[in-house]
Amino acid sequence: MSDASTYGMVAEFDDPTKLVEAAREMRKLGYRKMEAYSPYPIKDLHEIIPVINWVPAICFLGGLSGSIIAWSMEYYIAAIDYPINVGGRPLYSWPSFIPILFELTVLLAGCSAFFAVLGLSGFPRVHFPLFNLPQFADATSSRMFLCIEKTDPIYDSDLTAKFMRELEPVGVWEVSDE
Amino acid sequence: MPQYFARSANTIYRLVLFASAGSVVVVACLGYLIVRSPYESMQNVPREQPIPFSHEHHVGGLGIDCRYCHTTVETSAFANVPPTKVCMNCHSQMWATSPTLEPVRESYRSGRSIEWTRVNDLPDFVYFNHSIHVHKGIGCETCHGRVDKMPLTWQAQPLTMEWCLNCHRHPERYVRPRDQVVTMGYKYPPNQLEVGRKLMTEYHIQSLTSCSNCHR
Amino acid sequence: MMAPVEERQRHAARELDPNNPLPVVAPSTTFETVSEQISSIVLTRKTPLFWWCCFGFGIFLLIWFAIAVTYLLGKGVGIWGIEIPNGWGFAITNFVWWIGIGHAGTLISAILLLLNQSWRNSINRFAEAMTIFAVMCAGLFPLLHLGRSWIFYWVFPYPNTMTVQPNFRSPLVWDVFAVSTYFTISVLFWYLGMIPDLAMFRDRAVERWKKAIYGIMCFGWRGASHEWKWHQSASLLLAGLATPLVLSVHTVVSFDFTIAILPGWHSTIFPPYFVAGAIYSGFAMVVVLAIPLRSVYGLHNLLTVRHLNNCGKLMLATGLVLAYTYCIEPFTAWYSGNEFEMAVVRNRAFGPQAWSFWGVILLNVIIPQGLWFYKVRVKPQPLFFMGCVVLVGMWLERYMIIVTSLGRDFLPSSWATFVATFWDNATLYGSVGLFITLFMLFVRFLPMVPVAEVRELLPFSKPGGGTEK
Amino acid sequence: MNETVQPGFVPIEALTGPRGREYWRSLDDRDAAYTPEENEQFSEEGVAVSEASRRRFLSLMAGSLALAGVTGCTRQPTETILPYVDPPENVIPGKPKYYATAAPVNGVAEGVIVESHLGRPTKVEGNPDHPANLGATSVHSQACLMDLYDPDRSREILKLGVPQTWDAFQIAWEHAIGPLAARNGAGFRILTETIVSPTLGAQIQALLKKYPGAQWHQYDPAGSHSARAASMAAFGKSINTYYNFATADIVLSLDADFLACGRASTRYAHDFAARRRQGDRLDMNRLYVVESTMTATGGKADHRLGLPYSQIEAFAAELASQLSIPGGASGSQYGFWTTRVARDLQAHKGASVVITGEHQSPAVHAYVHAINETLGNVGKTVIYTAPLEEQPVDQIASLRQLVDDMKAGRVEVLLILGGNPVYNAPVDFQFADALNHVKTSIHTGLHFNETALKTTWHLPETHFLEDWGDARAFDGTVSITQPLIAPLYDGSHSQLQLLDALIAFPGRTPYEIVRSYWGANSGAGNFEQWWRKSVHDGMIANSALPAITLAVAKNVVRTAAAAAPNDSSMEISFRPDVYMYDGRFANNMWLQELPHPMTKLTWDNAIYLSPNTAAHLGFENQQHVELQLHGRTVWGSVWILPGQPDSTATVELGWGRWHSGRAGNGAGFNAYAVRTSDALWSANGVQFRKLANPYPLASTQMQQYMEGRQVIIENTVDYYKRNPGFVPKAEHEPEENLTLYPHWDYRGYAWSMNIDLTACVNCQACVVACQAENNIAVVGKEQVLARRAMHWLRIDTYYKGVPGNPTAHYAPIPCMQCENAPCELVCPVQATNHSKDGLNDMIYNRCVGTRYCSNNCPWKVRRFNFLLFQDWTTETWKMQRNPDVSVRSRGVMEKCTYCVQRIREAEITSQDENRFIRDGEVKTACQQACPTQAIVFGDKNNPNNRVSKLKAEKLNYHMFAELNTRPRTSYLAELRNPNPEFEPGAAS
């Protein structure tokens, strides 16, 4: 029954423990292209389904650029572009430059962190195959789902479904991307 | 069917996001370009005048010295616009009957001034002094452009503060010998910078960038 | 689906027993109940009369605000009581006050997150919302108080034909950056946390157009484990950034005063003093908002007595910090031997505006001491009262700081006493209207409790933590 | 005006032929009716003050188009240029010209030089050659422009309110005078104020010659009635007295505020201050003041005694007896004072001055004559001359007679030349009612005032800046006044012109009249030359009246002493207002808003009471009361004045006008309403009744005690001699180079100012000068009450010691131009920052209006346009504005700039001439106006400059130096010279 439009095999669970177990099982069986969906973060899944976390790096770069922009802007404007004697203070009065340096650093770091999440998760992505599965609506409220994607080399509709049924899910479906 | 969005929605959504982000940038840039545009500074726009007075003819053609009409340019902050009498000095003989000059004669008869439209107009909080600039060897041309090529006069330079500061910060680039001040189409020497510096010391030119030099 | 009645009673009975450790979330809560409870408020349940009243009241004040601002722009800041020497009056007072209120949200969501205070989870969402709206109100005043508001953008550096740029030595410019940064970061933090709940709304909404709207708002969140991974690490980073930020913002605001040479302003104690005050008023606002919400929307199981208790404690603590600075100010004045400083202290206590000073002492120091009592902290009515008292007190404090220092500075010949006008008050109450309106809209259309984070608090949420049923 | 007239206007810097009349003609044509376009014309060529366009521009900004600020200067509105048709000679657009003339101040002339921008008089300066002011100016000559450009001036000839033509008036005149002519003009009366103009006097005489039956009456409410009475008693004739303070070691003032107001005060202040500075201030003169209220002069006194008005005479009598003058009443009521003062005076025979106020009783004046004679001051420090008046008369009697005749129907035609008797005649004369009995009454004046309301005819007068004339100064020096601008209103004529027309229609022009008069009386060989010189100089060379010597009649003081009032009940004394004078300046906005020296009150007069009396009557400050005097009442607010003697109230005349114009109407209360002819200057038995409704008074300084702060440093000369370095370094004042940041070094010019607190007499001339020079807005009473007065420069008045009899101290406060300016640091947009020569620039067009700078200014010298304070609509006021200074609009901070426009102008001139700016070449407006030269301005980088020398003096100090803002404005500590014998322990 599997065909070109198939996206993957999905099992529904009503309990984090079962989900984690299931994920671990499937991984043991050699499945790699899998993804777990839960209404709240479950730490244990991160070991089972590993993913590289770029967010901190991006955030750091953002912050760094913020500081550089801020300082060079302040120095250029106050000391080079139009050097004006303000209250007898030196043109390059660095202590007064610190607050803005800090603020811009935080600003850019924060923004880059936020957009990193969107970018990495491929957002916006309002159309997603699993949404075809009516039960999947509960994924954001109370239920958890485990999905073996068809792109997995050892994916086989019947076999995968069989394995999954052994993990006492609420149900198992093959979802097509139509 | 719980799939609330067509597959294409993803692409559209992203496009919209990037477009809106982009448009902000575009608008900002446009605004910036506009305020620097000749439109904003009303540059290069020949201005309608009650009498189609041609500097091209009088200066370029007849070679009349600027100071013949703008008499106070060397002595006063204000370079005056010639009184009707000055026009009549010549035009009581030349073109004495030409209809285009009727307003001049009319003004001279009635004693009511000719209403010229101002071409080079600084904001009222800016205090510019002609005499000192002329005295320090800044050519008429530097600010007013090739007046001798203007059939109807227009504003040749943006007259923005940035533009003023350009020269105030680097007078050596623009200063010329005093005797060349009224020259039109003055050719700066190839070594202008050093000539300029020499003139600066000779004419005691400082680079004045204090606010109260122009704003009081 | 609410918890059954007797269950609630048992719970309530336990709440008032100090010896019993209080649960953050009522035991009966499950994934489904909490999801239903929150989403129904927005999606299915009928809008309560309470909401309509508040919203109407907010709109009413907001109209006043519109009138006041229009008149202001048409006529000039002279419609206020400000003069020379009192160049700043209500506008800056309101600004500092709102900014201060805007501190609790980020503090709760950021600092408490880092400190791993799990109890924060159920209150941080509306606290952050409150922050954002408070900062909006605050941000308006520096604009409005300008003599020529329409060229406010000259305080931003941007390429212009004047080649003149802002003066980076001026605290006002620091303010511009601090407040705008704070606002942006708070919004991002708030929205980031809201994405999963918006997704839940998308999935639970009945009408298609609601699904569409929330679907767009949540960018297509699915709750995949890697999404969660990035989401969490971003939250953590934002929290890490927001923590120094939240402290810096009010520090910078206090620079507006400390950088000036005015006696009574020019003091190194101001930054901590202001930050403490900010948190103080912030938590006051949290309880003032939380207590009605929880009873109207029946959130007792999420906004439990534990939350009230903790807010009360925090208020008490910060209040004591303030009390300390109130004591230390006269001391430093006396210790410095600076006649002007001493004159200001005298003037505050006994001058023409002494009422503001004693008002501050009463409202910020004396009355809040009631928070020492457990019953005052956990009983809604007294705590609500305390919140209101502190809010008024903190406004008065900023007023006192500004006018008593300006009104009598160095040269006696220029002394004068500030007198507020009708329009001063109109703008103040108007801004409150703006705040109420925005907050009511938030309550009506957005998840006011971060469901995802509450789920984590449920006992069975950890794998191996027992089953749901 | 027709061809044959309008002659040379002689500019001060160049003598030129009688040209430019076309110029004036053209002006005249324009001036006839004001249309915005005309103003465009003026303003346009006068460089930047194109008001209309600026208005458009600023409204554009106020309209807040985003782009407006992005460039800083938006698209310019289209402006037009209207060049001259036929240019007047030696008028250079953009360069002001200066003309000498003379301003009538307190009834005498003061020489002035008026700055004119293309025919618009914009600023008045003193004439350095003129004896009356030696280059300084009084507040009144400074403010006279506000009268010239007063939009409420009457513009057309009116008959019972109906506009008429000049010819129509002539016909009406013939009608009225015709029947009388048969009777030599019996029934025709002329009422004038005191006339000090020779030409005008001659004209009146000529008119009287034409109508022998006519009579000439004079009345001046604030005239020197007592002085005349006294001189009649003492010398049997009326004389003019003036003083030479330059050589007076000891000055005793018996109720004379001679430094800050009254005739020749400008000159007196100048001489007094010069004498005070003598010998590096070590050889200082001494000033005793005995006065009936707290005045600016009293504040300067080394010893001051406050006495009720009536007791001044007792004091004088005692002093006389101490000086063993026959007739002196040898009481010992004031023995402590009189003995010591007498001793001091005797020690300085011939080098002392005893002076009394115009408003004091004839008796006191008589004593003063006697005392000065005994001390041998006459001819040395006290000079007698023939009277200044053309015809000195007992004005009260003169007016009484007129009124009686009017009531008896003996007056058919009454010509009131100027003045305002309906408002200011003694109330018991009921002048207004009397007017009803007169068939034809004609009033002339600048304003359609209270009197004009009652007369059948009103003729607008020309302002003295609009027409030719002449007048005498305090010493008799005659000035020929030349017009600076053709009359703004066609209907207006000068008194000269009117009289001439009445003598022989159509009459000559004022120019012809004045010229012909002097042609006959100058006695100069080459009249043309004499004329040109006199007009050019602004005065006729050595035309001062010669000093005369007279002997005081034996019995004078005794007879006078007989008339000493003696009543223990509450007493009131009247005096002409320092600024409103007798009320003629009531519609002068600058003067209305000018803070009174001792109270800092604006827009109101008040009932001055001593702290004790107020407490005793149970009055708070500003208590609104009803003042009752012999059945007559006025309402006014009480002002508790330190130094006011107990149980005596003082009120100022000249307020409470009801038909003066937009500024004067309803400002203050009308004290004339209780002033009777038998008690012109003081009366007894005044009572008060509290009123319920409050009437707040607008004072610009609510706190007049120094709170023990080191604001004004002062001490005695003796102390200064003993320890010259007494001026303390401020507590916590940092060392010069105790700084992390290196000081900015200022090469070239470093402009700075020094203010001598010993010299300042609080006359406020500098404040008006600043207002005139810098286009400073008038805000009105409401805004002053709201503490938003705009004066860039203010004079703070502080009291020290017991409230009953304190000493007063004055501190002029301009911008300190700090080198470490606190204001600049906090401005977010760099709208205020330092120029290369160390000026604290304020760039109005950059200001966004955070007011942070003002908050951070320790001196609070910055002023903010909280609302739209500038008047953008009144055409005439636009003409006054200084084209070299931006006119500030709403929402912008402004402040003293050391008159930067003058500095820049001088820089450019000096550069054009390839030289440096000379010391004293740049004068700030305040410095130029200051009679005592208390303000010195210059480049402190040059040690030889006056300002540098002053700053090097030991008395030099910076206010609040401990703040380390390094102000450019510094002060010289105040010194006084008290009599050691007044020390408690000293031998009596």
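By convention in this document, chain letters (A, B, ...) are assigned in the order of the sequence lines, proteins followed by strands, and residues within each chain are numbered from 1. Quick note: numbers below take in every heavy atom, side chains included, and nothing from hydrogens, waters or symmetry partners.
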Q | Over 12 non-hydrogen atoms of neighbours within 6.0 angstrom of CD in B/Glu48 | A | no
Q) Taking everything shown except D/Arg747 itself, do over 12 heavy atoms lie less than 6.0 Å from its CZ? A) no
Q: Could you pull out all residues at least two apart from B/His144 that satisfy ring-ring contact (aromatic ring centres under 6.0 Å, His included)?
A: none
Q: Under 4.5 Å, heavy atom to heavy atom: which of residues 195-202 of chain B reach chain D? Give them by number, or say none.
A: none
Q: Under 4.5 Å, heavy atom to heavy atom: which of residues 94-103 of chain B reach chain D? Give them by number, or say none.
A: none
Q: Go through the steps to decide whether D/Gln911 and B/Lys136 satisfy the test side-chain hydrogen bond (donor to acceptor under 3.5 Å, both in side chains), and finish with yes or no.
A: CA-CA 9 Å; D/Gln911 295 261 323; B/Lys136 298 287 186 187; 2.4 Å; yes
Q. So which of D/Asn774, D/Ile843, D/Asp837 has the largest heavy-atom pair count under 4.5 angstrom toward chain B?
A. D/Ile843
Q.
Is B/Ser110 in contact with chain D via its backbone, its side chain, both, or neither, using a 4.5 Å heavy-atom distance?
A. neither
Hey, are the side chains of [X] and [Y] touching, using non-hydrogen atoms and a 4.5 Å cut-off?
X: D/Asp912; Y: B/Ile132; value: yes
X: B/Pro83; Y: D/Asp86; value: no
X: D/Asn914; Y: B/His135; value: yes
X: B/Asn213; Y: D/Arg904; value: yes
X: D/Met842; Y: B/His215; value: no
X: B/Trp116; Y: D/Thr80; value: no

Q.
When you compare the side chains of D/Lys836 and B/Thr209, does any donor N or O come within less than 3.5 Å of an acceptor on the partner?
A. yes
Q: Could you name each residue pair satisfying salt bridge (Lys or Arg N to Asp or Glu O under 4.0 Å) that touches residues 152-168 of chain B, not counting sequence neighbours?
A: B/Arg36-B/Glu162
What are the two closest non-hydrogen atoms of [X] and [Y], and how far apart are they?
X: B/Cys211; Y: D/Asp841; answer: N-OD2, 3.8 Å
X: B/Tyr127; Y: D/Val885; answer: OH-C, 3.0 Å
X: D/Pro83; Y: B/Ser113; answer: O-OG, 2.8 Å

Q) Non-hydrogen atoms of chain B under 4.5 Å away: do they reach the side chain of D/Asn833, the backbone, both or neither? A) side chain
Between [atom1] on residue [X] and [atom2] on residue [Y], distance to nearest 0.5 Å:
X: B/Asn80; Y: D/Tyr84; atom1: CG; atom2: OH; value: 10.0 Å
X: D/Glu907; Y: B/Leu208; atom1: CD; atom2: CG; value: 7.0 Å
X: B/Thr71; Y: D/Ile92; atom1: OG1; atom2: CD1; value: 8.5 Å

(Q) Run the side-chain contact (heavy atoms from CB on, under 4.5 Å) test on B/Arg216 and D/Val900 for me, step by step, so that the C-alpha distance in whole Å, both residues' side-chain angles and the decisive distance to 0.1 Å come before the verdict. (A) CA-CA 7 Å; B/Arg216 294 156 204 171; D/Val900 66; 3.9 Å; yes
Q | When B/Cys87, B/Pro82, B/Ser210 are compared by non-hydrogen pairs under 4.5 Å with chain D, the top option | A | B/Ser210
Q.
Run the side-chain contact (heavy atoms from CB on, under 4.5 Å) test on D/Ile908 and B/Ser131 for me, step by step, so that the C-alpha distance in whole Å, both residues' side-chain angles and the decisive distance to 0.1 Å come before the verdict.
A. CA-CA 8 Å; D/Ile908 288 172; B/Ser131 69; 3.9 Å; yes
